[in-house]
Q: 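One structure coming up, written as structure tokens, with questions to follow.
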Amino acid sequence: MTPSPQRPEDRPGRAHADSLIRFLTDSPTPYHAVRSAAELLEKAGFRQLDETGSWTAAHSEDGAHGQQGGGPGSPRGQGHYVLRGGALIAWYVPAGAEPSTPYRIIGAHTDSPNLRVKPVPDTGGGGWRQIAVEIYGGTLLNTWLDRDLGLAGRLTLRDGSTRLVHIDRPLLRVPQLAIHLDRQVNEGLKLDRQRHMTPVWGLGTPGEGDVVRYVAEEAGVPAGDVTGWDLMAHSVEPPAYLGHDQELLAGPRMDNLLSVHAGATALAAAAARDDLTAIPVLAAFDHEENGSQSDTGADGPLLGGVLERSVFARGGTYEDRARAYAGSVCLSSDTGHAVHPNYPERHDPGHHPMPNGGPILKVNVNQRYATDGSGRAVFASACERAGVPWQSFVSNNAMPCGTTIGPITAARHGISTVDIGVAILSMHSARELCGAEDPFLLAQCMDGFLTAP
Ligand code: ZN
């Protein structure tokens with residue numbers, strides 16, 4: 001019997017969504033997310049560049065090697081990436097590109113709101129061992145209650161090297177107070193960020209150094225070698241298809257790993273082509289959720305430094321750099337709000353983004369989003385080329401509008417920028433919800449953008 005194209009597993013976006021599920025599961029922190037993206041790009045022939053090394057030498061060396069094995073489809077060009085902390089910049093220079101060849105940039109961010117371990121983590125009370133945490137970003141605190149949490153992040157060792165650690169089993173929990181002890185709770189849950197969000201991780205008396213010793217053992221390194229750490233909690237419940245027809249996808253960190261994964265997929269696909277007219281770039285930044293001001297954030301020098309070095313390493317001048325930037329465009333991708341069926345009054349009545357309706361164009365005339373009419377045209381033609389539908393998002397005038405890295409990228413680099421994304425529900429929850437086809441439609445749209453003639 002011929003399988004019906006309507007079966008969930010036969011839908012066009014299913015393989016991409018399966019890949020996204022693995023990406024989300026493997027990426028509980030920004031440090032893991034950039035490693036997951038780098039693994040996708042390595043398979044397409046991209047090679048890591050060291051920021052402290054000579055890129056001029058790397059470019060000529062790769063040119064010589066490229067003929068033999070630059071990876072599938074990329075023997076004639078050069079795919080490179082730079083990793084710094086939780087940020088990744090990757091780009092593919094097609095054969096014959098001039099130093100003044102413009103960039104087509106996909107922007108995204110790797111961080112998500114969550115609970116992060118404090119410098120002196122060992123705490124407790126009443127016979128419980130607890131871990132002191134800070135709140136990162138605009139976390140929906142209630143969504144972290146009564147959830148089985150793992151712990152993951154980056155250890156810095158005495159010799160300066162770093163080690164990723166991922167404890168992906170139930171280890172922590174922020175227990176909610178029983179309703180019997182808070183009879184008014186359903187009229188509005190109030191959570192004190194300092195007193196009420198401290199997870200338990202067992203019974204007994206807390207001892208100094210317990211948490212780091214435990215994590216070091218998990219990572220297979222002596223605790224005495226751990227001189228620094230960046231650790232955070234994550235839900236251990238795996239992503240899942242949801243709905244009567246499996247048309248939805250539930251999972252953590254879709255804001256904004258959904259865009260990072262789609263961008264890496266589209267960049268890898270673009271590197272297999274020999275008709276590119278621009279240099280495709282993926283810029284995945286950290287620290288979007290608290291304003292992007294860091295050495296790995298969109299408001300830092302990372303992207304500009306990499307793009308300039310690429311121009312100069314290929315023999316370009318300041319004039320070439322100015323010409324390249326003037327012709328460049330950035331498609332900044334982040335999640336947006338689908339219309340919530342229980343709160344339709346919070347949304348604009350004339351703009352109703354729906355899951356599986358395709359990527360959304362995000363507009364805000366006050367520059368919370370960077371999109372303008374010419375950006376809309378770039379996005380619309382990318383979608384048209386890719387054969388994907390698209391939708392418009394604008395806020396209800398009575399609601400404050402969120403923002404993202406788009407306006408920062410436009411202002412910092414003077415590069416024309418369009419804000420787009422995927423419409424989801426439960427943004428900033430520990431478990432968000434999107435349409436199962438939308439991640440694929442977004443990747444297709446990005447592909448149409450990167451490969452535009
Ligand atoms: Zn976001």
Side-chain angles (χ1 to χ4, degrees), residues 20 23-24 27-34 36-37 86-88 105-116 135-141 143-144 232 234-235 239 249-264 282-294 296-300 303 330-338 340 353 355 359-364 367-371 391 393-395 399-410 417-435 438-439 442-443 445-446:
L20 172 62
F23 192 91
L24 293 169
S27 309
T29 78
Y31 315 112
H32 291 81
V34 295
S36 300
L88 168 143
I105 304 161
I106 291 168
H109 68 88
T110 59
D111 59 319
S112 302
N114 60 10
L115 309 179
R116 301 198 172 186
I135 315 288
Y136 179 81
T139 303
L140 266 179
L141 294 178
T143 66
W144 287 80
M232 51 201 85
H234 66 276
S235 166
L249 178 62
R253 301 178 294 283
M254 290 201 281
D255 176 6
N256 185 21
L257 295 188
L258 184 158
S259 298
V260 175
H261 172 259
L282 171 64
F285 298 105
D286 201 352
H287 300 137
E288 189 272 347
E289 298 294 356
N290 52 24
S292 297
Q293 288 190 316
S294 75
T296 50
D299 207 5
L303 175 62
C330 174
L331 200 64
S332 168
S333 180
D334 201 349
T335 52
H337 303 297
H340 196 304
I360 53 171
L361 179 74
K362 296 156 82 170
V363 175
N364 179 270
Q367 294 301 300
R368 303 288 285 170
Y369 299 129
T371 308
Q391 322 176 69
F393 171 85
V394 70
S395 280
M399 291 286 148
C401 181
T403 189
T404 176
I405 58 167
I408 296 169
T409 307
T417 300
V418 197
D419 273 301
I420 67 147
V422 161
I424 69 169
L425 289 185
S426 311
M427 191 187 293
H428 289 194
S429 165
R431 195 169 174 85
E432 298 164 326
L433 187 66
C434 75
D438 278 332
L442 176 68
C445 153
M446 289 173 169

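Read the numbers this way: they start at 1 and go in the same order the structure lists the ligands and their atoms.
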Q: Check the side chains of Asn114 and His234 for a donor-acceptor pair under 3.5 angstrom, ignoring hydrogens and angles.
A: no
Q: Would you check if His287 and Thr296 make a side-chain contact, meaning some heavy-atom pair closer than 4.5 Å?
A: yes
Q: Leu249 versus Met254: any side-chain heavy-atom pair under 4.5 Å?
A: yes
Q: Near the Zn ion (ligand 1), meaning under 2.8 Å, how many protein N/O/S atoms are there?
A: 4
Q: Side-chain donor-acceptor pairs under 3.5 Å in residues 401-409, sequence neighbours left out?
A:
{"residue": "Thr403", "atom": "OG1", "partner": "Arg368", "partner atom": "O", "Å": "2.6"}
{"residue": "Thr404", "atom": "OG1", "partner": "Asp334", "partner atom": "OD2", "Å": "2.8"}
{"residue": "Thr409", "atom": "OG1", "partner": "Ile405", "partner atom": "O", "Å": "2.8"}

Q: Return the set of residues passing ring pair (Phe, Tyr, Trp, His ring centres under 6.0 Å) with Tyr31 (not counting sequence neighbours), or none when no residue passes.
A: none
Q: Run the side chain to side chain donor-acceptor pair (under 3.5 Å) test against His337 and tell me which residues pass, sequence neighbours left out.
A: none
